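A, B, ... follow the sequence lines: proteins, then strands. Residue 1 opens every chain. In this text the structure is predicted, and so the values were computed from the model without any measurement.
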2 protein chains.
Amino acid sequence: MTDKQSGETLTRNQTLVLEALSAAETAMTAYALLDVLRDSGLRAPPQVYRALERLRALGLVHRIESLNAFVACCHPDHDHAPATIFAICEDCGTVSEIENEAIAGRLETVAGEADFKLSRSAIELKGQCGDCTAK
Amino acid sequence: MTDKQSGETLTRNQTLVLEALSAAETAMTAYALLDVLRDSGLRAPPQVYRALERLRALGLVHRIESLNAFVACCHPDHDHAPATIFAICEDCGTVSEIENEAIAGRLETVAGEADFKLSRSAIELKGQCGDCTAK
DNA sequence: ATAACGGATGTTATATCATAACGCGATGCG
DNA sequence: CGCATCGCGTTATGATATAACATCCGTTAT
């Protein structure tokens with residue numbers, strides 16, 4: 001059996017990227033991550049993108065398409081349906097993750113009605129979070 | 001009264017971009033549009049991006065976030081809710097636009113429950129369209 | 001008429017996001 | 001050992017997007 005990198009464990013770079021993302025309040029671009037992690041030894045974009053790619057495959061990180069940026073998954077434990085909803089505050093940049101079975105199901109239905117075989121979906125809401133509304 | 005560009009009419013560049021997009025089967029990137037329209041006199045990215053920006057504001061064009069690309073709106077007539085769904089075929093690249101009140105409403109609800117003031121949303125489904133499934 | 005203004009335009013340069021391609025070194029396995 | 005695999009580091013480049021500035025041309029005010 002090979003324990004090197006065949007499934008569970010994260011490599012050094014992957015750990016660094018995941019920790020930086022988890023510590024961040026907002027979504028971070030790959031280059032922002034690179035800047036933050038330069039002191040930790042990362043030098044070039046591919047290092048960050050490779051780590052992100054693997055972390056995404058493991059479901060530990062999500063890409064926010066409308067921002068070209070990334071967030072750590074809030075609840076990496078349970079396999080989430082392919083229908084996570086992201087609420088992105090346009091004031092403070094906070095991204096919150098929402099799971100909603102009803103919408104996931106409806107999307108499946110709608111896709112089916114349109115004769116579309118759904119594999120993944122990206123649902124991104126823009127607006128103002130509670131904290132910023134209060135201010 | 002000024003008829004030049006105060007609301008309704010499209011400028012030459014805007015018309016060119018909209019026509020190119022409407023003619024396309026799939027979503028097109030700004031640079032793809034630029035290539036296509038070079039013979040028509042467009043030379044540089046800002047010309048395309050400016051036209052796209054205005055067309056989007058008019059609701060005639062949508063941006064597909066997950067592709068960094070653009071499509072002409074299928075039904076520019078009726079003001080659509082801020083919850084259009086795009087079904088993107090990963091085989092042939094076709095993008096179809098789906099309107100669904102139920103999902104739009106549910107998203108409003110879910111956002112409200114999360115104390116989030118929703119302004120716009122991007123819903124992008126990836127998968128296989130009917131034609132490609134049949135093949 | 002003409003000066004001043006505003007909006008669209010054209011153009012150059014640059015910022016930002018992402019990946020191709022190569023070689024190295026460690027590890028597991030025959 | 002010899003070889004395959006994988007992560008890694010590095011360089012270079014591709015792809016997407018915008019800043020900034022000069023110009024042109026109707027409209028409007030004088």
Side-chain angles (χ1 to χ4, degrees), chain A residues 1-18 20-21 24 26-58 60-71 88 93 122 124, chain B residues 1-18 20-21 24 26-58 60-71 88 93 122 124:
Chain A
M1 146 70 181
T2 156
D3 102 318
K4 44 178 210 177
Q5 177 56 18
S6 326
E8 293 299 296
T9 15
L10 298 181
T11 66
R12 170 185 157 78
N13 288 359
Q14 289 156 17
T15 305
L16 286 170
V17 167
L18 183 56
L21 267 188
T26 70
M28 293 181 74
T29 69
Y31 279 76
L33 284 164
L34 181 56
D35 283 346
V36 162
L37 295 174
R38 217 171 293 263
D39 291 343
S40 306
L42 294 203
R43 307 293 192 79
Q47 298 175 282
V48 175
Y49 281 104
R50 287 198 282 239
L52 287 170
E53 186 179 17
R54 181 117 178 83
L55 291 168
R56 285 221 285 159
L58 294 173
L60 301 177
V61 160
H62 299 291
R63 177 184 170 83
I64 307 298
E65 303 289 353
S66 62
L67 300 178
N68 295 328
F70 305 84
V71 293
I88 303 157
E124 302 181 8
Chain B
M1 149 67 184
T2 157
D3 100 320
K4 45 179 206 177
Q5 176 57 17
S6 326
E8 292 299 297
T9 15
L10 298 182
T11 66
R12 170 184 157 79
N13 288 358
Q14 289 157 17
T15 305
L16 286 170
V17 167
L18 183 56
L21 266 188
T26 70
M28 293 182 74
T29 67
Y31 280 78
L33 285 164
L34 180 56
D35 283 346
V36 162
L37 294 174
R38 216 172 294 264
D39 291 343
S40 306
L42 294 202
R43 306 294 191 80
Q47 298 175 284
V48 176
Y49 281 104
R50 287 197 282 238
L52 286 170
E53 186 179 17
R54 179 119 179 84
L55 291 169
R56 285 220 287 157
L58 293 174
L60 301 176
V61 161
H62 298 291
R63 175 184 170 85
I64 307 297
E65 302 289 353
S66 63
L67 299 178
N68 295 327
F70 304 84
V71 292
I88 304 157
E124 302 180 7

Identify the two heavy atoms, one from [X] and one from [Y], that lie closest to each other, and give their separation to 0.1 Å.
X	Y	result
Leu55(A)	Gln14(A)	CD1-O, 3.6 Å
Gly93(B)	Thr26(B)	O-CB, 3.5 Å
Met28(B)	Ala20(B)	SD-O, 4.0 Å

Integer-rounded Å distance: [N] [atom2] and [X] [atom1]:
X	N	atom1	atom2	answer
Leu16(B)	dA8(C)	CG	C1'	14 Å
Gln14(B)	dG10(C)	CD	P	11 Å
Leu34(B)	dG14(D)	CG	C1'	15 Å
Glu65(B)	dA17(D)	CD	P	9 Å
Leu67(A)	dA17(D)	CG	C1'	15 Å
Leu33(B)	dA15(D)	CG	P	16 Å
Arg12(B)	dT9(C)	CZ	P	10 Å
Glu53(A)	dA20(C)	CD	P	9 Å

[N] phosphate, OP1 or OP2: any side-chain N/O from [X] under 4.0 angstrom?
X	N	result
Asn13(A)	dG9(D)	yes
Asn68(B)	dA17(D)	yes
Thr11(B)	dA8(C)	no

Interface residues of residues 36-52 of chain B with DNA chain C (non-hydrogen, below 4.0 angstrom): Arg43(B), Ala44(B), Pro46(B), Gln47(B), Arg50(B)

Pairs flagged by side chain to side chain donor-acceptor pair (under 3.5 Å) wherever residues 30-46 of chain B is involved - sequence neighbours left out: Asp35(B)-Arg38(B)

For the backbone of Glu65(B) and the side chain of Glu124(B), can you confirm whether one donor and one acceptor N or O come within less than 3.5 Å of each other? yes

Could you go through Leu52(A) and Leu33(A), starting from their C-alpha distance and side-chain angles, then the distance that decides it, and tell me whether this counts as side-chain contact (heavy atoms from CB on, under 4.5 Å)? CA-CA 10 Å; Leu52(A) 287 170; Leu33(A) 284 164; 4.0 Å; yes

Do Val61(A) and Leu18(A) have side chains that approach each other closer than 4.5 Å (heavy atoms only, starting at C-beta)? yes

Using centres under 5.5 Å plus planes under 30 degrees as the test, is Tyr31(A) stacked with dT16(C)? no

